[in-house]
Amino acid sequence: MATQIIDGKQIAKDVRKKLKPRIAALLDKNIVPGLAVVLVGEDPASQTYVRSKGKACERLKLHSVTIRKDASISQEELIAIVEGLNADDKIHGILVQSPVPSHIDELAVTLTISPEKDVDGFHPYNVGMMLLGRGALLPCTPNGILKLLEESNIDPTGKEVVIVGRSNIVGKPIAALLMQKAKIGNATVTVAHSRSKDLAEITKRADILIAAIGLPQFIKADMLKDDVVIIDVGVNRIDDDSTEKGYKLVGDVDFDGCFEKASHITPVPGGVGPMTISMLMENTVTAAEKINGLS
Ligand code: NDP
């Protein structure tokens with residue numbers, strides 16, 4: 001069977017297209033969904049993500065605000081900014097770009113975001129609702145992965161899903177979502193991490209392998225069984241003198257080496273990344289609808 005590349009760019013575009021009538025319906029009521037992104041410090045990757053989020057809002061004609069603050073900002077000042085956004089009627093989604101400087105308690109900031117405006121889906125209220133299978137604002141990257149599977153007609157029911165990585169933003173939530181009794185769920189989920197023994201023995205069980213590790217090209221073909229579905233969440237920069245920037249982006253999976261083994265595979269870039277942004281747009285629209293009692 002020829003390997004299919006899962007085109008995250010196209011699926012993300014389709015998600016945005018489906019949002020347009022919902023945005024128009026809100027506009028009819030004089031509501032423009034608004035997203036505020038708070039960026040602290042100069043982290044280059046964060047700057048790129050924040051720019052992409054702003055552009056996505058622009059394309060959908062959403063109201064978008066980016067608040068840039070120096071890395072020296074105090075926790076109290078940052079919390080005051082979030083409180084201001086909670087009270088701002090024009091803002092329906094609030095996102096504080098991670099990572100924040102080490103002197104700031106990220107959880108304290110997340111706890112300040114009003115759960116109904118928590119478009120990242122990181123507030124413990126939304127995490128709890130997700131675990132109960134009742135989440136309205138699901139975390140963007142895991143939700144994007146569900147969408148990629150759905151649109152590629154991959155039904156996880158009864159499948160062995162192995163997730164490598166147990167972060168709060170990717171590994172844990174995608175595990176919780178794929179084990180739910182839900183249309184895109186019902187999987188038998190294993191979560192591996194840096195303390196797992198015999199990782200290759202675990203990953204070889206996977207019908208669907210999700211890599212969220214942060215190590216370039218870490219998953220090799222000999223760690224996988226034939227016809228595996230590969231979802232590569234990783235985004236890593238590696239040196240490449242042949243490019244203008246001197247680097248290129250690669251995933252956590254050795255794409256070329258694993259390609260033949262896979263039935264489906266997401267590329268990096270152009271796989272999970274674009275989905276994350278589109279699901280953020282969807283959450284912003286959902287939040288605007290809910291806050292205004294329209295869904
Ligand atoms: P974290 O660093 O928070 O988590 C990495 C996980 O990988 C940890 O659970 C860690 O284990 C595990 N790990 C590290 N080394 C190994 C190893 N040798 N064997 C097995 N497991 C290992 O990363 P994130 O989840 O935040 O991100 C993962 C990747 O996904 C990154 O490349 C990031 O840039 C990318 N990303 C992409 C997004 C997108 O939209 N495309 C969105 C979010 C992230 P332990 O817990 O034991 O330390």
Side-chain angles (χ1 to χ4, degrees), residues 5-9 11-13 15-16 37 39 43-53 55-56 95-100 102 106-107 110 119-122 127 138-149 161-178 189-206 209-220 222-224 230-238 247-255 265-283:
I5 294 182
I6 299 177
D7 187 349
K9 245 177 155 170
I11 299 171
K13 207 169 160 187
V15 169
R16 292 198 299 273
V37 177
L39 175 61
D43 180 61
S46 295
Q47 309 249 11
T48 309
Y49 295 144
V50 168
R51 262 198 307 276
S52 311
K53 288 164 187 173
K55 268 192 213 154
L95 180 157
V96 178
Q97 183 64 46
S98 184
V100 291
S102 56
E106 201 161 356
L107 179 60
T110 304
V119 284
D120 253 341
F122 294 165
V127 175
L138 296 176
C140 300
T141 302
N143 197 19
I145 294 172
L146 295 187
K147 198 81 190 159
L148 285 179
L149 294 173
V161 173
V162 176
I163 299 159
V164 189
R166 57 174 165 183
S167 71
N168 289 335
I169 63 167
V170 189
K172 282 185 202 168
I174 192 61
L177 289 167
L178 282 170
V189 178
T190 303
V191 181
H193 45 77
S194 71
R195 303 291 186 91
S196 297
K197 287 198 179 122
D198 299 327
L199 183 65
E201 290 310 309
I202 300 169
T203 52
K204 268 185 205 153
R205 297 206 299 261
L209 186 280
I210 300 177
I213 312 162
L215 294 175
Q217 300 164 322
F218 179 79
I219 301 286
K220 304 288 184 197
D222 61 5
M223 299 169 75
L224 302 171
I230 300 175
I231 306 290
D232 190 352
V233 184
V235 181
N236 309 286
R237 281 184 184 191
I238 59 168
Y247 69 86
K248 68 172 178 177
L249 297 180
V250 297
D252 289 344
V253 175
D254 171 15
F255 183 90
I265 187 166
T266 59
V268 177
V272 175
M275 293 305 294
T276 299
I277 307 266
S278 280
M279 301 328 276
L280 176 67
M281 299 300 109
E282 185 176 278
N283 274 352

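Here the structure is a predicted model, which means the values were calculated and not measured. Whatever order the structure lists them in is the order used to number ligands and atoms, beginning at 1. No hydrogens, no waters, no symmetry mates; every other heavy atom, side chains included, goes into these values.
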Scan the protein's non-hydrogen atoms and note whether one is under 4.0 Å from atom 27 (O) of ligand 1.
no
Check whether any side-chain heavy atom of [X] sits under 4.5 Å from a side-chain heavy atom of [Y], and report yes or no.
X      : Y      : answer
Leu178 : Ile210 : yes
Ile230 : Leu224 : yes
Lys53  : Leu95  : yes

Where the side chain of Thr203 meets the backbone of Met223, is there a donor-acceptor pair that is under 3.5 Å apart?
yes
Atom CG of Asp222 and atom NZ of Lys204: how far apart are they, to the nearest 0.5 Å?
6.5 Å
For [X], the ligand 1 atoms whose distance to one of its heavy atoms is below 4.0 Å:
X      : result
Thr141 : 40 (O), 42 (C)
Asn236 : 32 (O)
Val164 : 20 (C), 21 (N)
Gly165 : 6 (C), 7 (O), 9 (O)
Thr276 : 39 (C), 40 (O)
Gly273 : 40 (O), 41 (N)
Gly234 : 29 (C), 30 (O), 32 (O), 35 (C)
Leu215 : 15 (N), 18 (N)

To check you understand the geometry: which heavy-atom pair defines the closest contact between [X] and [Y], and what is its length?
X     : Y      : value
Ser46 : Leu39  : CB-CD1, 3.7 Å
Ile5  : Phe255 : CD1-CZ, 4.0 Å
Ser52 : Ile277 : CB-CD1, 3.7 Å

Shortest protein heavy-atom distance from [atom], along with the residue and atom involved:
atom                    : answer
atom 41 (N) of ligand 1 : Val233 O, 3.4 Å
atom 43 (C) of ligand 1 : Val170 CG2, 3.8 Å
atom 31 (C) of ligand 1 : Gly214 CA, 3.6 Å
atom 19 (N) of ligand 1 : Phe218 CZ, 3.8 Å
atom 3 (O) of ligand 1  : Ser167 CB, 3.3 Å
atom 9 (O) of ligand 1  : Arg166 N, 2.8 Å
atom 45 (P) of ligand 1 : Ser194 OG, 3.4 Å
atom 13 (N) of ligand 1 : Ile213 CG2, 3.6 Å

N or O contact, Val235 vs ligand 1, cut-off under 3.5 Å:
yes
Does NZ in Lys13 sit with more than 12 non-hydrogen atoms of other residues, nucleotides or ligands closer than 6.0 Å?
no
Close approach of Ser196 to ligand 1, heavy atoms, under 4.0 angstrom:
no
Please tabulate, for side-chain N and O atoms in residues 163-176, each donor-acceptor pair with protein atoms closer than 3.5 Å (sequence neighbours left out).
residue: Ser167; atom: OG; partner: Val170; partner atom: N; Å: 3.1
residue: Asn168; atom: OD1; partner: Lys172; partner atom: NZ; Å: 2.7

If you compare Ala211, Ala212, Cys140 by their heavy atoms, the one closest to atom 6 (C) of ligand 1 turns out to be Ala212
Would you sort out whether Asp252 and Val233 count as a side chain to side chain contact (heavy atoms under 4.5 Å, CB included), showing the intermediate values?
CA-CA 7 Å; Asp252 289 344; Val233 184; 5.6 Å; no
Below 3.5 Å, can you tabulate the donor-acceptor pairs from side chains in residues 266-276 to any protein atom, sequence neighbours excluded?
residue: Thr266; atom: OG1; partner: Asp232; partner atom: N; Å: 2.8
residue: Thr276; atom: OG1; partner: Thr141; partner atom: OG1; Å: 3.0
residue: Thr276; atom: OG1; partner: Val272; partner atom: O; Å: 3.4

